[in-house]
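All chains are named by letter (A, B, ...) in the order of the sequence lines, taking the proteins before the strands, and each is independently numbered beginning at 1.
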Protein chains: 2
Amino acid sequence: MKILVVEDDDLISDAIVEYLSDQHYAVEAAYDGQSAWDLLEVFTYDLIVLDVMLPKMDGIVLCRKLRNKGMDIPILMLTARDTLENKIEGLDAGADDYLVKPFELEELSARIRALFRRGGSTTAPILTWEKLSLNPSTCEVFYQDKELALSPKEYKLLEFFLRNGRRVFSRAQILEHLWSFEQVPEEATVKAHIRGLRQKLESVGAPSNLIETVYGLGYRLGEEP
Amino acid sequence: MKILVVEDDDLISDAIVEYLSDQHYAVEAAYDGQSAWDLLEVFTYDLIVLDVMLPKMDGIVLCRKLRNKGMDIPILMLTARDTLENKIEGLDAGADDYLVKPFELEELSARIRALFRRGGSTTAPILTWEKLSLNPSTCEVFYQDKELALSPKEYKLLEFFLRNGRRVFSRAQILEHLWSFEQVPEEATVKAHIRGLRQKLESVGAPSNLIETVYGLGYRLGEEP
DNA sequence: CTTCTACTACCAAAATTTTCATATTCTACC
DNA sequence: GGTAGAATATGAAAATTTTGGTAGTAGAAG
């Protein structure tokens, strides 16, 4: 499951991102309304944690814009004060739930799970592509019936592709999404992991183009011939 | 067995939680109706001790909502006064039993046991995995026919895994689930308990991968080769 | 007072991640 | 077609992270 955290306070944002990452969610952060909007136009998320007070575009406006666009992704609003008008405003704008700062991370997590569950009966949490399947809760990956033993980075890399369909990602993009700001390595690292992943995939009989290179642009999931 | 205690009076709640914990139940507390609802949507409990008077959503409403949702978990209602209308209202809402404050903790415990027995024939309270079985009511753990003598923390750790199938948990997550907020120790502690558990498991012939490490991600129950 | 348990610290081993040097492949242009 | 130049693949070594084991202290329980 992929979550976008939109919160301008670094301390709070980092705390949320770290906590949710520990729970094996794929988490990304945006620090103002405009860049959140940009991300949401390009990527697919399963849930948004959205602060109300934001630079450039506040959470209420962003929420309304998303709903007007027909996006029904679950939105969990964060706000500094628990006034009735705040609450009404947030829920009217289309938020699904509402949490008042300061809050316990555990409560945030519980509400996130509740939101997933609410719309959850239809959505299968298992990601698949061709004969490949990945179960995020058990961290198991199968090709047909054979289990793959992936390293953490290989696992996250594959999960990233699986969550983004057939989109092409450059090595720079992959670095941005899978590594945290503090320690971003060289692009050669991505090459190495792509290689590891391909090797392990081929060792269980997957076609070599399952992770396809698009010359000059990057990598993407490939279709069976 | 896992019990949720929903009671807004700290003194009463703490007393109940402590008493039931002493009886080896896994107990969690909620202090208003809404958060109880959230917890119930996410976690699995075997019984609810539910106060009628609650902030945000009273016990009657919560009880009715649960039953409407098709949850048939046993509910033991607590109320301040023994009026007939209270009683009728509670049982109509779907409560299984009824206790009037003030009450003796011993009586509460007796009624809980009675409720467990009532629905007991259908539900299997014994948790199992491969050749491992854990009886939460007696706190006995067996591997095949051999009994394991576990320390309390080791026991809770194993019970936690057994209740969550094959999910992967990081050490941070394990800390959050098995320790209370006040005193969360270092992650090294989890390592120590994992080790203790593995040693005792191996000493009765269990395979070493029964508690499996997923490098960089955490631990989970492992499958027999 | 003794015994058991929980917690922490430290080190060695294992696994993974990263980097670098080199070979191969691809594209565009002549 | 053939070739220069860029991009990617490959292989292996270095650096880092993660984990398992030992030991020792503090504190609670009996």
Give the nucleotide from the list C/dT18, C/dT19, C/dT8 with an atom nearest to the side chain of A/Ala188.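 Ranking C/dT18, C/dT19, C/dT8 by closest atom to the A/Ala188 side chain puts C/dT19 first.
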[X] [atom1] to [N] [atom2], straight-line distance once rounded to whole Å:
| X | N | atom1 | atom2 | result |
| --- | --- | --- | --- | --- |
| B/Leu197 | D/dG20 | CG | C1' | 15 Å |
| B/Asn209 | D/dG20 | CG | P | 13 Å |
| A/Glu212 | D/dA9 | CD | C1' | 16 Å |
| A/Gln199 | D/dT10 | CD | C1' | 9 Å |
| A/Leu150 | C/dT17 | CG | P | 10 Å |
| A/Arg220 | D/dT8 | CZ | P | 14 Å |
| A/Lys156 | D/dT17 | NZ | C1' | 14 Å |
| A/Ile211 | D/dA9 | CD1 | P | 11 Å |

Heavy atoms of other groups near [X] [atom1], more than 12 under 6.0 Å:
| X | atom1 | answer |
| --- | --- | --- |
| B/Met53 | CE | no |
| A/Glu202 | CD | yes |
| A/Gln199 | CD | yes |

Five pairs per end, C1' atoms only: what is the angle between the end axes of the helix from C/dC1-D/dG30 to C/dC30-D/dG1, to 10 degrees?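 For the helix from C/dC1-D/dG30 to C/dC30-D/dG1, the axes at opposite ends meet at about 40°.
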Go nucleotide by nucleotide along DNA chain D from the 5' end; which of A/Gly218 and B/Lys191 gets its closest nucleotide reached first?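 Of the two residues, A/Gly218 wins.
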Taking for each residue the nucleotide of DNA chain D with the nearest heavy atom, is it B/Ala192 or B/Tyr219 whose nucleotide lies nearer the 5' end?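 Its nucleotide being nearer the 5' end, the pick is B/Tyr219.
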Are any of [X]'s side-chain N or O atoms less than 4.0 Å away from OP1 or OP2 of [N]?
| X | N | value |
| --- | --- | --- |
| A/Arg195 | D/dA9 | no |
| A/Tyr155 | C/dT17 | no |
| B/Ser151 | C/dC4 | no |
| A/Trp179 | C/dT17 | no |
| A/His193 | C/dT16 | no |

State whether the side chain of B/Asp32 and the backbone N or O of B/Leu54 hold a donor-acceptor pair below 3.5 Å, judged by distance alone.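 Looks like no, no N/O pair under 3.5 Å.
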Is the side chain of B/Ser13 donor-acceptor paired with the backbone N or O of B/Asp10 at a distance under 3.5 Å, no angle test?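 Pair absent, no side-chain N/O of B/Ser13 close to backbone of B/Asp10.
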Side chains of [X] and [Y] in contact at under 4.5 Å (non-hydrogen atoms):
| X | Y | result |
| --- | --- | --- |
| B/Tyr219 | B/Arg171 | yes |
| A/Leu47 | A/Tyr25 | no |
| B/Ile112 | B/Val49 | yes |

Toward the 5' end of DNA chain C, by each residue's nearest nucleotide, A/Glu154 or B/Pro152: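 The residue closer to the strand's 5' end, by nearest nucleotide, is B/Pro152.
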Considering heavy-atom distances to DNA chain C, does B/Glu187 or A/Pro185 have its closest nucleotide positioned more toward the 5' end?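 Looking at DNA chain C, the more 5' nearest nucleotide goes with B/Glu187.
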Contact class for B/Thr189 vs. all strands (heavy atom < 4.0 Å): base, sugar-phosphate, or nothing?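 Since a base atom lies under 4.0 Å of B/Thr189, the category is base.
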Which atom pairs link the protein and nucleotides 4-7 of chain D when you take only N or O atoms and keep those under 3.5 Å?
unit_1 : atom_1 : unit_2   : atom_2 : d
D/dA6  : N3     : A/Tyr215 : OH     : 3.3
D/dA7  : O4'    : A/Tyr215 : OH     : 2.8

With rounding to the nearest 0.5 Å, note down the distance linking CD1 in A/Ile126 to CG in A/Leu134.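 Answer for the CD1-CG pair, A/Ile126 versus A/Leu134, is 9.0 Å.
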Over 60° means perpendicular and under 30° means parallel, so classify the ring planes of A/Phe169 and A/Phe160, tilted if in between.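 Tilted: the ring planes of A/Phe160 and A/Phe169 meet at 30° to 60°.
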